[in-house]
Engineer: 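Structure below; questions to follow.
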Amino acid sequence: MAITTNPPNTIWLGGPRTEIGDRSAKAAVTPGHLVERVNTAGVHQWQKHATAGGNTTRAVATEQSMLNKTIEDAYAAEDLMEVSELAGGSSALMFIASGQNIAYGDSLESAGDGTLRILASGTALFRALETKANVTVLTRIRVEAV
């Protein structure tokens with residue numbers, strides 16, 4: 001008898017994390033995007049991680065659980081965000097962009113747009129926990145922080 005595995009309806013899947021909820025979004029962000037802090041005229045906000053291959057904290061936008069929203073409900077600019085900074089060994093459901101061909105165990109880095117890609121020249125931030133072959137649209141993937 002086969003066991004059906006449904007996709008989780010949460011971004012943080014397990015392991016140690018630091019939850020941060022005191023900064024707003026600079027622009028629209030969907031839960032599952034890799035995010036970074038940015039100083040906008042003295043106001044500290046979150047934005048999608050913008051440096052391809054760049055070293056960053058392993059901060060991921062999580063769903064607005066306090067408002068009973070799902071992982072599909074995006075943050076608008078100026079919305080107060082819920083973000084998890086993941087420690088090594090923590091797992092999350094994050095985004096990879098179209099054009100990726102990722103195998104279980106591949107090292108992943110920032111693609112510079114809030115998504116992840118196969119390690120090219122930067123810093124390995126995550127490891128793929130599942131295979132996603134020939135991705136043609138923005139796709140979620142289970143990853144582990146390294």
Side-chain angles (χ1 to χ4, degrees), residues 4-102 104-132 135-146:
T4 302
T5 303
N6 295 319
N9 195 25
T10 186
I11 298 300
W12 174 69
L13 301 175
R17 68 175 172 163
T18 301
E19 294 179 85
I20 304 167
D22 63 348
R23 293 184 175 94
S24 64
K26 181 176 179 181
V29 175
T30 301
H33 276 119
L34 182 66
V35 295
E36 64 183 347
R37 293 178 185 92
V38 61
N39 184 340
T40 307
V43 177
H44 296 273
Q45 295 180 299
W46 292 106
Q47 71 177 13
K48 293 176 189 174
H49 189 261
T51 305
N55 191 3
T56 182
T57 58
R58 288 148 186 86
V60 58
T62 53
E63 66 275 8
Q64 300 175 68
S65 60
M66 297 293 192
L67 298 176
N68 202 29
K69 294 195 175 183
T70 72
I71 63 175
E72 301 301 328
D73 296 314
Y75 292 95
E78 305 304 323
D79 280 356
L80 195 59
M81 287 182 59
E82 293 182 37
V83 172
S84 290
E85 285 190 354
L86 304 177
S90 296
S91 55
L93 193 61
M94 297 183 71
F95 282 116
I96 54 174
S98 177
Q100 294 295 303
N101 190 15
I102 296 177
Y104 177 89
D106 280 348
S107 293
L108 306 173
E109 67 181 2
S110 172
D113 60 0
T115 65
L116 302 175
R117 68 180 184 194
I118 291 178
L119 182 65
S121 61
T123 302
L125 301 173
F126 299 95
R127 179 179 312 109
L129 293 178
E130 60 186 335
T131 297
K132 296 286 183 175
V135 174
T136 58
V137 295
L138 187 65
T139 302
R140 295 186 191 272
I141 185 172
R142 288 175 178 86
V143 298
E144 177 182 56
V146 295

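Below, all heavy atoms of this structure are taken into account, side chains as well, without hydrogens, waters or symmetry copies.
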Engineer: Throw together a table of side-chain donor-acceptor distances under 3.5 angstrom for residues 64-72, partners on residues two or more places apart or in other chains.
Structural biologist:
unit_1, atom_1, unit_2, atom_2, d
S65, OG, E82, OE1, 3.1
T70, OG1, E72, N, 3.1
T70, OG1, D73, OD2, 3.4

Engineer: Kindly compute the distance separating CG (L129) from CG (L13), expressed to the nearest 0.5 Å.
Structural biologist: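 These two atoms lie 8.5 Å from each other.
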Engineer: Q47: what forms a side chain to side chain contact (heavy atoms under 4.5 Å, CB included) with it, not counting sequence neighbours?
Structural biologist: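 With sequence neighbours excluded, Q47 shows a side chain to side chain contact (heavy atoms under 4.5 Å, CB included) to K26, E36, V38, A50, given in chain and number order.
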Engineer: Can you sort out the partners of F95 under ring pair (Phe, Tyr, Trp, His ring centres under 6.0 Å), two or more places apart, ordered by chain and number?
Structural biologist: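 For F95, the residues satisfying ring pair (Phe, Tyr, Trp, His ring centres under 6.0 Å) (neighbours in sequence not counted) are H33.
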Engineer: Could you measure the distance from the CD1 atom of I102 to the OG atom of S107? Nearest 0.5 Å is fine.
Structural biologist: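 Between atom CD1 of I102 and atom OG of S107 there are 10.5 Å.
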Engineer: My understanding is that only residues two or more places apart in sequence, or in another chain, count here; which of them pass side chain to side chain contact (heavy atoms under 4.5 Å, CB included) with T51?
Structural biologist: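 Side chain to side chain contact (heavy atoms under 4.5 Å, CB included) list for T51, sorted by chain: H49.
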Engineer: Does some side-chain heavy atom of H44 sit less than 4.5 Å from a side-chain heavy atom of R37?
Structural biologist: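 The answer is no, as the side chains (C-beta and beyond) never meet within the 4.5 Å cut-off.
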Engineer: What heavy-atom pair brings G54 and S110 nearest, and what distance separates the two atoms?
Structural biologist: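 That closest heavy-atom pairing would be O-CB, 4.4 Å.
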Engineer: With I96 as reference, evaluate T115, V143, V135 under the side chain to side chain contact (heavy atoms under 4.5 Å, CB included) test and give the passing residue.
Structural biologist: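 Single side chain to side chain contact (heavy atoms under 4.5 Å, CB included) partner of I96 among T115, V143, V135: V135.
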Engineer: Is the shortest heavy-atom distance from the side chain of K132 to the side chain of D106 under 4.5 Å?
Structural biologist: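 When only atoms from C-beta onward are counted, D106 and K132 do not touch, as no gap falls below 4.5 Å.
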Engineer: Which residue pairs pass the salt bridge (Lys or Arg N to Asp or Glu O under 4.0 Å) test with at least one member in residues 50-62, sequence neighbours excluded?
Structural biologist: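 Listed once each, the pairs would be none.
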Engineer: Return the set of residues passing side chain to side chain contact (heavy atoms under 4.5 Å, CB included) with A59 (not counting sequence neighbours), or none when no residue passes.
Structural biologist: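 Side chain to side chain contact (heavy atoms under 4.5 Å, CB included) list for A59, sorted by chain: V35, W46, T57, V83, E85.
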Engineer: Tell me every residue that passes side-chain hydrogen bond (donor to acceptor under 3.5 Å, both in side chains) with S24, counting only those two or more places apart in sequence or in another chain.
Structural biologist: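 In terms of side-chain hydrogen bond (donor to acceptor under 3.5 Å, both in side chains), with neighbours along the sequence ignored, S24 is linked to Q45.
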Engineer: Give me the atom names and distance for the closest heavy-atom approach of A74 to P31.
Structural biologist: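 For A74 versus P31, the nearest heavy atoms are CA-CD, 4.1 Å.
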Engineer: Check residues 116-125 and write down every donor-acceptor pair under 3.5 Å in which the side-chain atom is one partner and the other belongs to a residue at least two apart or another chain.
Structural biologist:
unit_1, atom_1, unit_2, atom_2, d
R117, NE, E109, OE2, 2.8
R117, NH2, E109, OE2, 2.9

Engineer: Work out which heavy atom in A92 is nearest to a heavy atom in L86; give both atom names and the distance.
Structural biologist: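 So the two residues come closest at CB-CD1, 3.7 Å.
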Engineer: The criterion is side-chain hydrogen bond (donor to acceptor under 3.5 Å, both in side chains); which residues satisfy it with N101, sequence neighbours excluded?
Structural biologist: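 Expected list: none.
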Engineer: For A28, which residues count as a side chain to side chain contact (heavy atoms under 4.5 Å, CB included) partner, sequence neighbours excluded?
Structural biologist: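 A28 satisfies side chain to side chain contact (heavy atoms under 4.5 Å, CB included) with no residue once adjacent residues are dropped.
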Engineer: Show the nearest heavy-atom pair for residues F126 and M94, with the distance to one decimal.
Structural biologist: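 What the structure gives for the nearest pair is CZ-SD, 3.6 Å.
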Engineer: Give the minimum heavy-atom separation between A145 and A87, together with the two atoms involved.
Structural biologist: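 Closest approach of A145 to A87, heavy atoms only: CB-O, 3.4 Å.
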Engineer: If a pair satisfies side chain to side chain donor-acceptor pair (under 3.5 Å) and one of its residues is in residues 9-18, list it, with sequence neighbours excluded.
Structural biologist: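 As it turns out, the side chain to side chain donor-acceptor pair (under 3.5 Å) pairs with a partner in residues 9-18, which skip direct neighbours, are T10-E63, R17-E19, R17-S84.
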Engineer: Could you pull out all residues at least two apart from R127 that satisfy salt bridge (charged side-chain N to carboxylate O under 4.0 Å, His left out)?
Structural biologist: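 Once residues adjacent in sequence are excluded, the partners of R127 under the salt bridge (charged side-chain N to carboxylate O under 4.0 Å, His left out) criterion are E144.
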